[in-house]
Amino acid sequence: MIGSLIYAMTCTRPDLSWIVSRLSQTLSNPRTGDLIAAKHVLRYLKGTVDYELCFKKSDADLQLTAYSDSDWASCLEDRRSTTGYCCTLTEGGPLISWKSRKQPTVAISTCEAEYVALANTAQECLYLTQLLNGLYKKVHQCIKY
């Protein structure tokens, strides 16, 4: 069930990133609450089956916009923070990149967790900028958090 949710999240459903990330952390020792949460996600998917990412041609200049956030010490077991970001190329356009995952280290403050999230977001923006510039499209980078 979680594998199918990961596939859906990776391909077309960025709105599932956080919950799928949380559910996949307990795959080695799932509990009853995890199964209940997974069933809630499936009910959510059933109710939002018509949601989709819609890519349309745009005459506007491409401008990479990224949003970043972190949740300090969100995991009660190991006190690691969660990082999330999403990127778009046009105002009001669909997401082209997104991620929600646990940070590899324990942050000792909210500020440190935000810096780690921002560094991950900046790394993704640099990658996307280089990729797009390789396709002969000049992209002006703008990061919002």
Side-chain angles (χ1 to χ4, degrees), residues 1-31 33-56 58 60-135 137 139-145:
M1 184 183 326
I2 302 302
S4 298
L5 290 173
I6 290 171
Y7 178 78
M9 171 201 66
T10 303
C11 297
T12 59
R13 297 297 298 259
D15 54 333
L16 300 178
S17 291
W18 184 83
I19 188 64
V20 171
S21 174
R22 296 295 280 197
L23 288 172
S24 64
Q25 292 171 17
T26 61
L27 284 178
S28 63
N29 186 19
R31 299 184 183 115
D34 299 325
L35 179 62
I36 292 169
K39 287 181 179 180
H40 279 284
V41 174
L42 293 176
R43 282 189 209 106
Y44 170 77
L45 281 174
K46 184 177 179 183
T48 60
V49 72
D50 294 329
Y51 288 13
E52 60 187 15
L53 292 175
C54 184
F55 294 94
K56 296 179 182 178
S58 173
D61 291 336
L62 298 180
Q63 180 175 343
L64 184 61
T65 304
Y67 299 92
S68 172
D69 196 15
S70 71
D71 186 6
W72 179 56
S74 58
C75 182
L76 298 177
E77 295 171 5
D78 59 7
R79 305 302 293 166
R80 291 194 315 185
S81 305
T82 302
T83 292
Y85 65 79
C86 60
C87 305
T88 68
L89 275 179
T90 58
E91 187 176 331
L95 297 179
I96 60 164
S97 177
W98 60 88
K99 185 176 280 190
S100 175
R101 63 175 272 194
K102 260 192 197 180
Q103 292 180 356
T105 58
V106 177
I108 58 173
S109 69
T110 304
C111 185
E112 183 180 351
E114 292 288 345
Y115 276 133
V116 171
L118 189 58
N120 289 338
T121 306
Q123 184 179 20
E124 181 69 10
C125 288
L126 288 172
Y127 167 74
L128 291 172
T129 301
Q130 290 175 354
L131 177 68
L132 292 167
N133 286 338
L135 297 171
K137 299 287 184 186
V139 177
H140 302 287
Q141 188 170 345
C142 174
I143 298 178
K144 297 178 183 178
Y145 61 95

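As the structure is a computational prediction, the values presented were derived from the model and not from experiment. Position 1 is the first residue of the sequence; numbering continues from there.
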Problem set entry | Note, Tyr67 side chain near Thr65 side chain (heavy atom, < 4.5 Å) | yes
Problem set entry | Test applied, side chain to side chain contact (heavy atoms under 4.5 Å, CB included); reference residue, Thr82; option that passes from Ser21, Ser100, Ser70 | Ser100
Problem set entry | Where Ser17 and Met9 come nearest, the two heavy atoms and their spacing | CA-SD, 3.3 Å
Exercise. Yes or no on side chain to side chain contact (heavy atoms under 4.5 Å, CB included) for Ile2 and Ser24, after CA distance, side-chain angles and deciding distance?
Worked result: CA-CA 7 Å; Ile2 302 302; Ser24 64; 4.2 Å; yes
For this session: Could you check Ile36 against His40 for side chain to side chain contact (heavy atoms under 4.5 Å, CB included), going step by step and ending with a plain yes or no?
Result: CA-CA 6 Å; Ile36 292 169; His40 279 284; 3.6 Å; yes
For this session: For the residue pair Leu95 and Pro14, establish whether any side-chain heavy-atom pair is separated by less than 4.5 Å.
Result: yes
For this session: Using a cut-off of 6.0 Å, state whether more than 12 heavy atoms not belonging to Arg43 lie near its atom CZ.
Result: yes
Exercise. CG/Leu126 to CG/Leu128 distance, rounded to the nearest 0.5 angstrom?
Worked result: 9.0 Å
Exercise. Between Asp78 and Lys102, is a side chain to side chain contact (heavy atoms under 4.5 Å, CB included) present by the stated rule, with each step listed?
Worked result: CA-CA 10 Å; Asp78 59 7; Lys102 260 192 197 180; 3.0 Å; yes
Problem set entry | Side-chain (Trp72) to main-chain (Ala107) donor-acceptor, under 3.5 angstrom | yes
Problem set entry | Inter-residue atom distance Cys87.SG - Ile96.CD1, 0.5 Å rounding | 6.0 Å
Problem set entry | Gap between atom CD of Gln63 and atom CD of Glu91 - 0.5 Å precision | 8.5 Å
Seminar exercise, completed: Here the gap from Ile6 atom CD1 to Met1 atom CE, rounded to the nearest 0.5 Å, amounts to 12.5 Å
Exercise. Above 12 or not: heavy atoms from other molecules or residues under 6.0 Å from CD1 of Ile108?
Worked result: no
For this session: Could you go through the salt bridge (charged side-chain N to carboxylate O under 4.0 Å, His left out) check for Asp34 and Arg22 one step at a time?
Result: CA-CA 9 Å; Asp34 299 325; Arg22 296 295 280 197; over 6 Å; no
Problem set entry | Side-chain heavy-atom pair Leu64, Thr88 within 4.5 angstrom cut-off | no
For this session: Output the distance between atom OG1 (Thr83) and atom CD (Glu114), rounded to the nearest 0.5 Å.
Result: 8.5 Å
Seminar exercise, completed: When rounded to the nearest 0.5 Å, the distance separating CG of Asn120 from CD of Glu124 is 9.5 Å
For this session: Run through Thr10, Leu45, Thr48 and flag the one making a side chain to side chain contact (heavy atoms under 4.5 Å, CB included) with Leu16.
Result: Leu45
Problem set entry | Close side-chain approach of Arg13 and Tyr44, heavy atoms under 4.5 Å | yes
Exercise. Short question: side chain of Trp18, backbone of Lys99 - any donor-acceptor pair under 3.5 Å?
Worked result: no
Exercise. Hey, does the side chain of Gln103 reach the backbone of Ala113 with a donor-acceptor pair shorter than 3.5 angstrom?
Worked result: yes
For this session: Evaluate side chain to side chain contact (heavy atoms under 4.5 Å, CB included) for Leu132 paired with Leu89, printing each intermediate quantity in order.
Result: CA-CA 10 Å; Leu132 292 167; Leu89 275 179; 3.4 Å; yes
